[in-house]
There are 2 protein chains.
Amino acid sequence: MMAKVGIRDVSKAAGVSVTTVSHALSDAHQSRVNPETRRHVQEVAARLGYAPNRLASGLRNQRSYLLGLVSDQIASTPFAGEMILGAQDAAYERGWLVMLVDSGGNPDLEERQVSTLLQHQVDGIVYAKMYHQQLTVPGGARGIPLVLLDAEDLDAKVSSVAPDEVLAARTAVKELLDAGHRRIGFINQNNEIPATSGRLEGYRSALAEAGIEYDADLVTYEVPDVSGGRDGALKLLRLPEPPTGLFCFRDPQALGAYEAAQSLGLGIPEDVSVTSVDDFEIISEGLWPGLTTVALPHYEMGRWAVSRLLDEIEDPEKARTPERLLFECPIVRRGSVAPPRASMPRDSDRKDPSRMNSATAAPTEGAA
Amino acid sequence: MMAKVGIRDVSKAAGVSVTTVSHALSDAHQSRVNPETRRHVQEVAARLGYAPNRLASGLRNQRSYLLGLVSDQIASTPFAGEMILGAQDAAYERGWLVMLVDSGGNPDLEERQVSTLLQHQVDGIVYAKMYHQQLTVPGGARGIPLVLLDAEDLDAKVSSVAPDEVLAARTAVKELLDAGHRRIGFINQNNEIPATSGRLEGYRSALAEAGIEYDADLVTYEVPDVSGGRDGALKLLRLPEPPTGLFCFRDPQALGAYEAAQSLGLGIPEDVSVTSVDDFEIISEGLWPGLTTVALPHYEMGRWAVSRLLDEIEDPEKARTPERLLFECPIVRRGSVAPPRASMPRDSDRKDPSRMNSATAAPTEGAA
DNA sequence: TTGAAAGCGCTAACAA
DNA sequence: TTGTTAGCGCTTTCAA
């Protein structure tokens, strides 16, 4: 294996000093070098396959072009991949690389990981959480540019990005309202996190806006997985006056709701319409009919977090006015929403066919 | 913000030379320093919050303690998180950090990413693929320690780890055979990758071992997602002499098979048993009944890849004899397998109850 | 047992 | 326009 080629090799081969090589190869200092010399140097560098050692330049510049991504759960949430990818893409496009650590939720480990990142002189840190939460930035990470991902700073000192939970729920519930549903159940989840209260608020405000009174019997709090969805749907659909539409806290619950409806002999969407939040595609596209659900924009949030972080790194002034962004969440329409049976007495079946069409838009089946 | 504390600050505060500080703080050179001095230095260093600059030490040592993880698809596969986490854990435990890049399958971008990693002086590279495949290591990545993850080297020059596809399929099919099924359908997938032929081989060998002749009509090739599972199951279950057990290429197809069975009025597992490969928990645990499926050990593969890589970095001799590992895949039993109806004529229902028990082991419902 | 000093590969202030 | 050189923070050889 050939020895690594350094700047001195290039300078010798090109017959110029290392300074000239450095300047010729730098974007910022090109002007300090004769265009002809520059071309020559670049040519020689390319021929030798020279690439600057970023450890050395980082040491000299006090800039590593490294970012740390600190997470509490990479593996257990299927969305993490999207957030990470968004972060990595945004970083790479601007010349940075991201180093990943995952503490599995262990604060001690996390502290050591942050310290390791700092030893590597990362220029900034993205502090990511597996679900939207409020927190205080841990001490070890202060004093370095930092942005929160899927979290908010209780002290409002650092920038953050998270989904707009209220709006997400409003969107999902409005989809049911627009289809004509008046009696809409909400399978919420039973942990005290911002999403729980936020989505409840969105649910209530959408109803209020449609002039529908809030009925606590239509809201149930279940574990946020398939079995919770099953339990909640069973509970709601067995009510004396069951809802015709179900809004689920997240897609796995919707899967459970499908199973519950089926076990009760109810068809989706003819007998009960379902919307949800996540757009966890393996579920939302896999179900039959496809699930109409509000997508959480994880890739975009990851991108935004890194963009903002780099902005603050390159212009420290920006860090003085942190930005707290709540992302809008787009709805993805598939086949789980139709007008309610009750609102369509037999003799008026044809009165408003347009509504039916819009509510049961064709599923978008991607190529395999 | 306080200025960063360096080794000189410690040396001044402790009243010793930087050499002594360096030795006192190093694991390898402790002996070169008076135990008392050492304790003193360590104390001062801790008090000042000194942590060595790894850019500087890396430059000096020609070792960055950085690993590159090059992947073609982090986001689109929900398992990637597990592989990445396994890699990151193994690296961190041995003092390394991993930098992640994802090319989205774009070879040009990948080449530039690898070059960026090399500029950062990574000590080695894990080259990961989103699904098990055979490949040649790209030129830019040669000459540096490298291990393949979920892939195999056509030139057999570098170490690699991937699931044992044949064994995985054997395990899943044997589960059906052991429950008494003799007519077993295989919903394979329609891309030419090692898993396709490997699992077919496993399917055939399991049948052969049980003395069952291979019947090509029972194997169907479908897109590897929910719709493919639906199509395949429909096709097989509508055969004049339909299978009583279905082996699916992967979990999303199994979900489709569930839907197909349901639409045909067939119950799982009473009318048709299902096994699969993946253990994609949101599906396998979410389905009702839970899916009996063979787990692909992504976390472990990620760990192994990095362990092996570090072994080769620390002892370059090891790289001369690359290891090609095929991981065994454990089966996770849930509720989708029962003895076939046909093999249990009414008057012999009680003849072999133990078998029924083992086949329908209770689902392991984890806490939310 | 301790310290002085060279040097890892690069950038940039300063000099020519 | 180009070159000489100091120094980023650390480790380690060599000398004391």
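In what follows, every chain begins at residue 1, and chains take the letters A, B, ... in the order their sequences are listed. In what follows, every heavy atom counts, from backbone to side chain, and hydrogens, waters and symmetry copies are set aside.
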> For A:F79, what residues pass the ring-ring contact (aromatic ring centres under 6.0 Å, His included) criterion, not counting sequence neighbours?
Replying inline: A:F280, A:H298
> Taking 4.0 angstrom as the limit, do A:R39 and A:E36 come out as a salt bridge?
Replying inline: no
> Along DNA chain C, 5' to 3', what are the outermost nucleotides having an atom less than 4.0 Å from a heavy atom of chain A?
Replying inline: C:dG9 to C:dC14
Between side-chain atoms of residues 123-134 of chain A and protein atoms elsewhere (two or more places apart, or another chain), which donor-acceptor pairs fall under 3.5 Å?
unit_1, atom_1, unit_2, atom_2, d
A:D123, OD1, A:S64, N, 3.1
A:D123, OD1, A:S64, OG, 3.4
A:D123, OD2, A:S64, N, 3.4
A:D123, OD2, A:Y65, N, 2.7
A:D123, OD2, A:W96, NE1, 2.9
A:Y127, OH, A:E110, OE1, 3.1
A:Y127, OH, A:E110, OE2, 2.6
A:H132, ND1, A:E165, OE2, 2.8
A:H132, NE2, A:E152, OE2, 2.7
A:Q133, NE2, A:Y131, O, 2.8

> Looking at DNA chain D, which of residues 33-41 of chain A put a heavy atom within less than 4.0 Å of it?
Replying inline: A:V33, A:N34, A:T37
> Just by modelled atom types, is the B:Q121 backbone N or O under 3.5 Å from a matching donor or acceptor in the A:R54 side chain?
Replying inline: no
> What's the shortest heavy-atom distance between A:A45 and A:L25, and which atoms?
Replying inline: CB-CD2, 4.1 Å
> Do any of residues 18-25 of chain B sit with a heavy atom less than 4.0 Å from DNA chain C, and if so which?
Replying inline: B:T19, B:T20
> Excluding sequence neighbours, so at least two apart, what forms side-chain contact (heavy atoms from CB on, under 4.5 Å) with A:T321?
Replying inline: none
> With sequence neighbours left out, which residue pairs that include part of residues 83-95 of chain B fulfil the salt bridge (Lys or Arg N to Asp or Glu O under 4.0 Å) condition?
Replying inline: B:E93-B:R303, B:R94-B:D311, B:R94-B:E314
> So with a 6.0 Å cut-off around CD of A:Q73, is the heavy-atom count from everything else above 12?
Replying inline: yes
Side-chain donor-acceptor pairs of residues 6-20 of chain A under 3.5 Å, sequence neighbours excluded:
unit_1, atom_1, unit_2, atom_2, d
A:D9, OD2, A:G6, N, 2.6
A:S11, OG, A:R8, O, 3.1
A:S11, OG, A:V16, O, 3.4
A:S17, OG, A:T19, N, 3.4
A:S17, OG, A:T20, N, 3.2
A:S17, OG, A:T20, OG1, 3.2

> Mapping B:R60 and B:S17 onto DNA chain C by nearest heavy atom, which one lands closer to the 5' end?
Replying inline: B:S17
>> Between B:D153 and B:D155 (side chain of the first, backbone of the second, donor and acceptor by atom type, cut-off under 3.5 Å), is there such a pair?
In response: yes
> Mind checking what makes side-chain contact (heavy atoms from CB on, under 4.5 Å) contact with A:P145, not counting sequence neighbours?
Replying inline: A:L309, A:I313
> Just the endpoints, please: which first and last nucleotides of DNA chain D, 5' to 3', lie under 4.0 Å from a heavy atom of chain A?
Replying inline: D:dT1 to D:dG9
>> Once ring-ring contact (aromatic ring centres under 6.0 Å, His included) is applied, do any residues pair with B:H23, and if so which ones, sequence neighbours excluded?
In response: B:H29
> Toward the 5' end of DNA chain C, which comes first, B:N61 or B:R32, by nearest nucleotide?
Replying inline: B:R32
>> Going by the rule side-chain contact (heavy atoms from CB on, under 4.5 Å), which residues pair with B:A51 if we only count those two or more places apart in sequence or in a different chain?
In response: A:Q119
